[in-house]
Amino acid sequence: MRYKFLTAAFAATVALNFAGPAGATDLEVTHWWTSGGEAAAVAELAKAFDATGNHWVDGAIAGSGGTARPIMISRITGGDPMGATQFNHGRQAEELVQAGLMRDLTDLATKDKWAEIVRPKSLLDSCTIDGKIYCVPVNIHSWQWLWLSNEAFQKAGVPMPKDWNEFVAAAPALEKAGIIPLAVGGQSWQASGAFDVLLAAVGGTDAFLKVYKDKDAKFAAGPEIAKVFKAADDARKMAKNTNVQDWNQATNLVITGKAGGQIMGDWAQGEFQVAGKTAGKDYTCLPGLGLNEVIATGGDAFYFPLLKDEAKSKAQEVLAETLLDPKTQVAFNLKKGSLPVRGDVDLNAANDCMKKGLAILAKGAVIPWTDQLLSQDSQTQKQDLFSEFFAKPDMTLEEAQKRFADIIASAN
């Protein structure tokens, strides 16, 4: 879906000035972090910003990014911008920037040497358009995780799987014990994300990049990706009895032992923590589904709309600096379940799963994620396809793969 933007003439009327009075002020920050773990994490950002003498005015929008982003964009294009807003790393704010509605942070980034502290480099690259920096990365979130309930597998009397293939093989025993093998919520991005994880894990890194980076539609229609669709069909069958909508509700099925596992990003860790669960004891995590241990450099960043109010513009700078402060990075990411964007922070308090992610990151086993490689139009088409695929067991693999290849052929 494309959004109609106000002309750049609107932006020209907005004052942009890094120099300004140091007076503290309220600053509204919009985001879609509303689950228990997410709320605990965002509270750390608010606390750090409030400590500067300014005040974080929370603008949480329930319903995940698919619900929140159109609201955020509508406000910015409609002349009612917030002080700062969350988007994912990548191309979600690209058109807002091109319309001249977002603040250029290049001078601030140069002064504070972001290029030297933000790792991996691709995170800052995702904030850069036409050589200028427009956002502040705050975390590295990777989708490539299978979260498993130790309780569920103990109840089913089968060993804890070491990879996706063993997980699929354990599904009949889980079902016999009255346990949903795989929890997948009803939101379209969950089904789409699960497929993308399977593509990277079952198909491999090269296949993932040929499809999403190179936009190789012929390869997407070929036998290598047919194997991925077979794995997606296994996932569809294993998830058929999941009757929840939100991702955190699906995570709760794993937490309570009602589901064996969930393919979900490392933000799921926040939910396990809020529930008082311990990694390795109560739940097990398999990065790359145990098949291909890579970390996608997705995650969250904050953008700053151009504002007329000089005091709020100054507060935007303070918030940007606060988000990258080492103490803020540690406090926020430990609660969020994500990895920090700074490589120079102390994460001795990290749990077993976070340490696995850090080790993969240290090895350089990273890939860009689909938010960075596909436009929002292409992402929406993909989400629609896999939402339908998971909801309709009669959709054939051949039909689904053809539609997928057509999306890749027209992707931008």
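This chain uses plain numbering: 1 for the first residue, then up along the sequence.
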Could you check whether Arg103 makes a cation-pi contact with Tyr134, meaning its NZ or CZ is under 6.0 Å from the centre of the six-membered ring and within 45° of the ring axis? no

Can a cation-pi geometry be assigned to Lys277 and Phe272, taking NZ or CZ under 6.0 Å from the six-membered ring centre and within 45° of the ring axis? no

Hits for ring-ring contact (aromatic ring centres under 6.0 Å, His included) against Trp145, two or more places apart or cross-chain, chain-then-number order -> Trp147

Look at the side chain of Thr242 and the backbone N and O of Leu182, then say whether any donor-acceptor pair between them is shorter than 3.5 Å. yes

What salt bridge (Lys or Arg N to Asp or Glu O under 4.0 Å) pairs are there with at least one residue in residues 350-361, not counting sequence neighbours? none

With distance as the sole test, does Gln329 use its side chain to make a donor-acceptor pair with the main-chain N or O of Val138 at under 3.5 Å? yes

Between Phe195 and the options Phe229, Trp189, Phe208, Phe389, the ring-ring contact (aromatic ring centres under 6.0 Å, His included) test singles out Phe229

Rounded at 0.5 Å granularity, tell me how far CH2 in Trp369 sits from CD1 in Ile295. 11.0 Å

Main chain of Pro70, side chain of Ser74: is a donor-acceptor contact present, judged purely on distance under 3.5 Å? no

Do Glu28 and Arg75 meet the salt-bridge criterion of a basic N to acidic O distance under 4.0 Å? yes

Determine whether a donor-acceptor pair (N or O, by modelled atom type, separation under 3.5 Å) exists between the side chain of Thr110 and the backbone of Thr106. yes

Report yes or no: does Asp216 contribute a side-chain atom to a donor-acceptor pair with the main-chain N or O of Phe219 at less than 3.5 Å? yes

If we check ring-ring contact (aromatic ring centres under 6.0 Å, His included) with Trp267, which of these qualifies: Trp33, Trp143, Phe332? Trp143

Applying salt bridge (charged side-chain N to carboxylate O under 4.0 Å, His left out) to Asp346 and not counting sequence neighbours gives none

Heavy-atom side-chain proximity of Leu324 to Val136 below 4.5 angstrom: yes

